[in-house]
Amino acid sequence: MSDSRIVYFGAKSAAKSGVRSIYKKLFKALGPQGWWPVTEVHGRLPVYRPLFYGPHTCRAMFEICAGAILTQNTAWGNALTALTGLNGAGVMSPLKLSALPSAELCRLIRSSGFYRQKAERLKIFSRYIISRHPEGLEKWFLDATPDGLRAELLTIKGIGPETADSMVLYAGGKAKFVVDAYTHRVFGRLGFIPGTYAGLQEGFETALPRDHRVYNEYHALIVALGKNYCRKNKPVCAQCPLKSACSTGRIAKKG
DNA sequence: TACCAGGTCCTCG
DNA sequence: CGAGGACATGGT
């Protein structure tokens with residue numbers, strides 16, 4: 001007998017339909033998320049634009065990449081303060097960032113935490129663009145395949161799987177599913193295994209149409225769920241859009 | 001007061 | 001490989 005709460009990724013149609021039905025539930029309950037929030041040309045704060053999936057301007061692409069680095073293991077609000085600081089200082093570009101003294105860069109992004117590491121990572125990424133892709137971020141990303149771009153990004157120090165995938169999906173508008181801490185938590189509680197980065201990513205990419213708009217919404221919806229319902233300590237199971245598909249709340253009640 | 005937040009790198013069994 | 005520590009601020 002199989003435990004209905006356990007859903008194996010791989011060649012299982014149950015996993016496919018599970019992944020798809022969860023997406024539908026989330027989208028229906030929470031709506032389009034408008035990711036990735038990007039600063040408007042004339043605006044100060046990044047804005048969520050529901051149902052817009054690109055293409056982005058070159059500077060928006062760079063801002064998304066910088067944001068992906070700044071939000072590593074950090075609350076988005078803290079990363080956002082740093083992004084606003086960089087925009088306010090007029091240094092949101094590879095050329096400007098790479099020319100900025102490290103102490104100044106550290107000061108601008110201090111709110112994001114791990115700021116020495118992140119300042120270094122932003123510089124490394126900026127220098128990489130200038131030296132390896134002098135034609136610019138836009139041409140680099142738009143000409144690349146999702147897997148090729150991901151592999152190249154992973155060679156850059158400071159860019160790991162999630163940051164690379166965020167850049168590919170949200171800056172490049174290419175179909176790569178982003179797996180993050182929320183994804184592990186939510187789908188772990190839902191009973192999906194394996195819970196490794198590669199396992200989860202392959203599960204999603206196999207189950208879903210290869211459409212960057214779907215990957216975009218799905219990951220953003222998982223984050224929304226993780227923040228507002230599927231919290232680490234005190235999950236709000238009673239009103240969770242996925243409670244019918246999840247056993248966590250029931251188990252907790254049974255004790 | 002602790003714990004948590006849209007990870008990654010390095011080191012050591 | 002996987003586990004464990006370092007990296008750091010701001011919100012609850």
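Quick note on labels: first sequence line is chain A, next is B, and so on, each numbered from 1. On a predicted model such as this, the values are computed, not experimentally measured, just so you know.
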Interatomic distance at C1', C:dA8 relative to B:dA2, whole Å: 16 Å
Upstream residue (5' side of DNA chain B) when A:Thr71 and A:Lys157 are each assigned their closest nucleotide: A:Thr71
Per A:Ala181 side chain, nearest of listed nucleotides B:dA5, B:dG7, B:dT8: B:dG7
A:Arg185 side chain near B:dA5 phosphate (N/O to OP1/OP2, under 4.0 Å): yes
Distance in angstrom units between A:Ile69 CD1 and B:dA5 C1', rounded: 18 Å
Short side-chain N/O contact to B:dA5 OP1/OP2 from A:Lys232, under 4.0 Å: yes
Interatomic distance where OH belongs to A:Tyr115 and P belongs to B:dA5 [whole Å]: 23 Å
Rounded distance (Å) that lies between atom C1' of B:dA2 and atom CG of A:Asn233: 10 Å
A:Asn78 side-chain N/O to B:dA5 phosphate OP1/OP2 under 4.0 Å: no
Between A:Phe177 and A:Tyr218, ring centroids under 6.0 Å: yes
Donor-acceptor under 3.5 Å (A:Lys157 side chain, A:Ile124 main chain): no
Between B:dG7 (P) and A:Gln72 (CD): distance, integer Å: 8 Å
Where chain A begins and ends its contact with DNA chain C, read 5' to 3' at 4.0 Å from heavy atoms: C:dC7 to C:dG10
Position toward the 5' end of DNA chain B (nearest nucleotide), A:Gly158 or A:Tyr170: A:Tyr170
